[in-house]
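Each remark here refers to the structure printed beneath this line.
Because the structure is predicted, anything quoted here is derived from the model rather than measured. Below, all heavy atoms of this structure are taken into account, side chains as well, without hydrogens, waters or symmetry copies. Start at 1 with the first residue, then count along the sequence.
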Amino acid sequence: EVYLQSSNAGVNQFHLIFTPPSGRDTTGASDPRAVASPVRGASIPLRLVPYRGADHYVAYTVLTPGTWHFDVSVHLDGRTRSFVVTRSLS
């Protein structure tokens with residue numbers, strides 16, 4: 001799960017939450033990384049820190065209005081997994 005707390009231009013909390021499969025206490029996710037990239041302009045590496053227990057990470061950032069792509073990677077089950085989330089901010 002990925003979400004922005006505020007979802008508007010300005011200061012945002014970027015949350016990254018991994019949900020363990022049934023019967024497991026944790027996903028074993030490690031070394032999560034995220035980069036926020038506007039359609040035009042410089043990318044912003046996000047400093048993810050553990051938040052509220054295992055498998056939940058947060059980063060604080062300031063985002064301008066427009067479309068943003070969030071490139072996320074994480075080590076999971078011995079492999080690097082990655083995905084991209086796109087959000088539009090007003």
Using a 4.5 Å cut-off on heavy atoms from C-beta on, say whether the side chain of V62 contacts that of V11.
yes
Minimum heavy-atom separation for [X] and [Y], please, with both atom names.
{"X": "N12", "Y": "S6", "result": "OD1-CB, 3.3 Å"}
{"X": "A29", "Y": "Y57", "result": "O-OH, 3.7 Å"}
{"X": "A59", "Y": "L48", "result": "CB-CD2, 3.9 Å"}
{"X": "S43", "Y": "S37", "result": "OG-OG, 2.8 Å"}
{"X": "P38", "Y": "A42", "result": "CD-O, 3.3 Å"}
{"X": "S30", "Y": "V74", "result": "O-CG2, 3.4 Å"}

Could you grab the distance from atom CG of L4 to atom OG1 of T61, nearest 0.5 Å is fine?
9.0 Å
Separation between OG1 (T64) and CZ (R40), nearest 0.5 Å, reads 12.0 Å
If you count heavy atoms of other groups shown closer than 6.0 angstrom to [atom1] of [X], is the number above 12?
{"X": "R81", "atom1": "CZ", "result": "yes"}
{"X": "D31", "atom1": "CG", "result": "yes"}
{"X": "R24", "atom1": "CZ", "result": "yes"}

Side-chain heavy atoms nearer than 4.5 Å, only ILVMFWY residues, links allowed to pass through others: does that put V39 and I44 together?
no
Is there a donor-acceptor pair closer than 3.5 Å between any side-chain N or O of D55 and the backbone N or O of T27?
yes
When V84, L46, V85 are each screened for side chain to side chain contact (heavy atoms under 4.5 Å, CB included) with D71, the one that passes is V84
Which of these passes side chain to side chain contact (heavy atoms under 4.5 Å, CB included) with F14: L63, V2, V58?
V2
For the pair Y51 and H56, name the ring-plane relationship: parallel under 30°, tilted 30 to 60°, perpendicular over 60°.
perpendicular
